[in-house]
Amino acid sequence: MTDLTDQVAIVTGASRGIGKAIALLLALQGAKVVAVARSEGELEELTQKTRGLCIVADISDETDARYIVSETLSHYGRLDILVCNAGVGSFNELEHFEAAEWDRIFDTNVKGTFLLCKAAVPHFKAQKRGHIVGITSDVAKRTFPHGTAYGASKFAQDAVLASLRKEVRPHGVKVSTIYPGLVDTYFNDTTPGSPEAEKTHLRPSDVAQAVRYVLETPAHVVVDELMLHPLTQEW
Ligand code: NAP
């Protein structure tokens, strides 16, 4: 089993929702967490609990993505784990979907994952070790009406991670992809915590436990894909 104590982990989208739960759980396991998002106040509040580092950054910007990795390395002198979790989505009939909204979703979900991996992979390859965990969605494996942009972005993000898995495996670097179903978060401007969502959605901590599981596998094991749903969700 891989011990997470003192491992340095970047978690994107850590200001709320799934990313915040991942950051808190990894910190509880003894990891040094670098929490990334654009909302400074929420990140600072989180960092008081994780006692790690927070970096206010936009993952869709290449300069920011490079800075996240270089600042982590100069602060901690090491990087072991990258969790590409930050993501956005909105839903509408195709003919009413704005092209600018399409770009926002792809820039965050696909380009953001690509840019963070691009910045971290040379370091992981050089040390012949590292673990990238991507939070995609079960919609990376199914389609549904009004989901053209979000669904396409998650298929694309999944393809980035799956191709990268094959590229870096010979260098000792792991890539694991997690596919959650419905999760009770702030996603798409929703408010979590309703009694209805408690029955129909996963908690962010459920996804965090899945991340912990893939990260704690022994050095010779890689979990390529892990899908989880609330028991009530047919998909
Ligand atoms: P959320 O509560 O809205 O959280 C999204 C996080 O991403 C926030 O911390 C947000 O922080 C960050 N973020 C967004 N754009 C960013 C950018 N350009 N740069 C840096 N950080 C950015 O949503 P969530 O449900 O936790 O979503 C997390 C991931 O899970 C996403 O990839 C989503 O697609 C996936 N997912 C969600 C569900 C679900 O049902 N909720 C299901 C399957 C998969 P700032 O706004 O502060 O930057």
Side-chain angles (χ1 to χ4, degrees), residues 10-25 33-47 50 54-69 82-91 101 103-116 119 132-142 144 147 149-158 160-161 177-194 196-198 200-208 210-211 225-230 232-233 235:
I10 294 173
V11 181
T12 69
S15 60
R16 56 180 181 271
I18 295 168
K20 183 176 179 179
I22 295 169
L24 286 168
L25 185 62
V33 174
V34 180
V36 176
R38 295 162 303 174
S39 307
E40 192 170 6
E42 281 86 341
L43 280 186
E44 279 172 358
E45 210 175 291
L46 172 72
T47 306
T50 60
C54 71
I55 299 180
V56 180
D58 181 344
I59 59 152
S60 65
D61 181 283
E62 184 160 21
T63 308
D64 280 17
R66 284 203 193 124
Y67 176 75
I68 292 163
V69 172
L82 167 64
V83 183
C84 292
N85 162 77
V88 294
S90 61
F91 307 92
E101 181 61 356
D103 287 344
R104 184 181 77 98
I105 291 172
F106 267 74
D107 283 353
T108 312
N109 300 357
V110 189
K111 192 175 163 198
T113 296
F114 157 70
L115 290 175
L116 257 297
I132 296 167
V133 181
I135 309 297
T136 60
S137 167
D138 69 355
V139 308
K141 291 184 183 283
R142 68 182 171 97
F144 62 100
Y150 182 65
S153 79
K154 288 293 169 177
F155 269 72
Q157 183 194 20
D158 188 34
V160 170
L161 294 164
T177 309
I178 308 238
Y179 304 83
L182 293 169
V183 190
D184 191 21
T185 69
Y186 297 87
F187 185 75
N188 190 27
D189 291 331
T190 50
T191 306
S194 73
E196 182 55 27
E198 268 191 31
T200 55
H201 286 55
L202 298 169
R203 320 278 183 271
S205 57
D206 297 324
V207 183
V211 173
E225 301 187 349
L226 192 159
M227 183 176 284
L228 66 161
H229 283 104
T232 49
Q233 185 185 354
W235 74 284

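Atoms within a ligand are numbered from 1 in the order they appear, just like the ligands themselves.
The immediate protein surroundings of ligand 1, defined as residues with any heavy atom under 4.0 Å of it, consist of Gly13, Ala14, Ser15, Arg16, Gly17, Ile18, Ala37, Arg38, Ser39, Ala57, Asp58, Ile59, Asn85, Ala86, Gly87, Val88, Thr108, Ile135, Thr136, Ser137, Tyr150, Lys154, Pro180, Gly181, Leu182, Val183, Thr185, Tyr186, Phe187.
Under a 4.0 Å N-O distance rule, the pair Arg142/Asp138 qualifies as a salt bridge.
Proximity of a side-chain donor or acceptor of Asp64 to a complementary backbone N or O of Asp58 within less than 3.5 Å is detected. A distance-only check finds no donor-acceptor pair linking the side chain of Gln233 to the backbone of Thr200 [under 3.5 Å].
Side-chain contact between Arg203 and Asp184: absent, with no pair of heavy atoms (C-beta onward) separated by less than 4.5 Å. In this structure the side chain of Val133 reaches within 4.5 angstrom of the side chain of Ile178, judged on heavy atoms.
No side-chain donor from either of Asp107 and Ser60 sits under 3.5 Å from a side-chain acceptor of the other.
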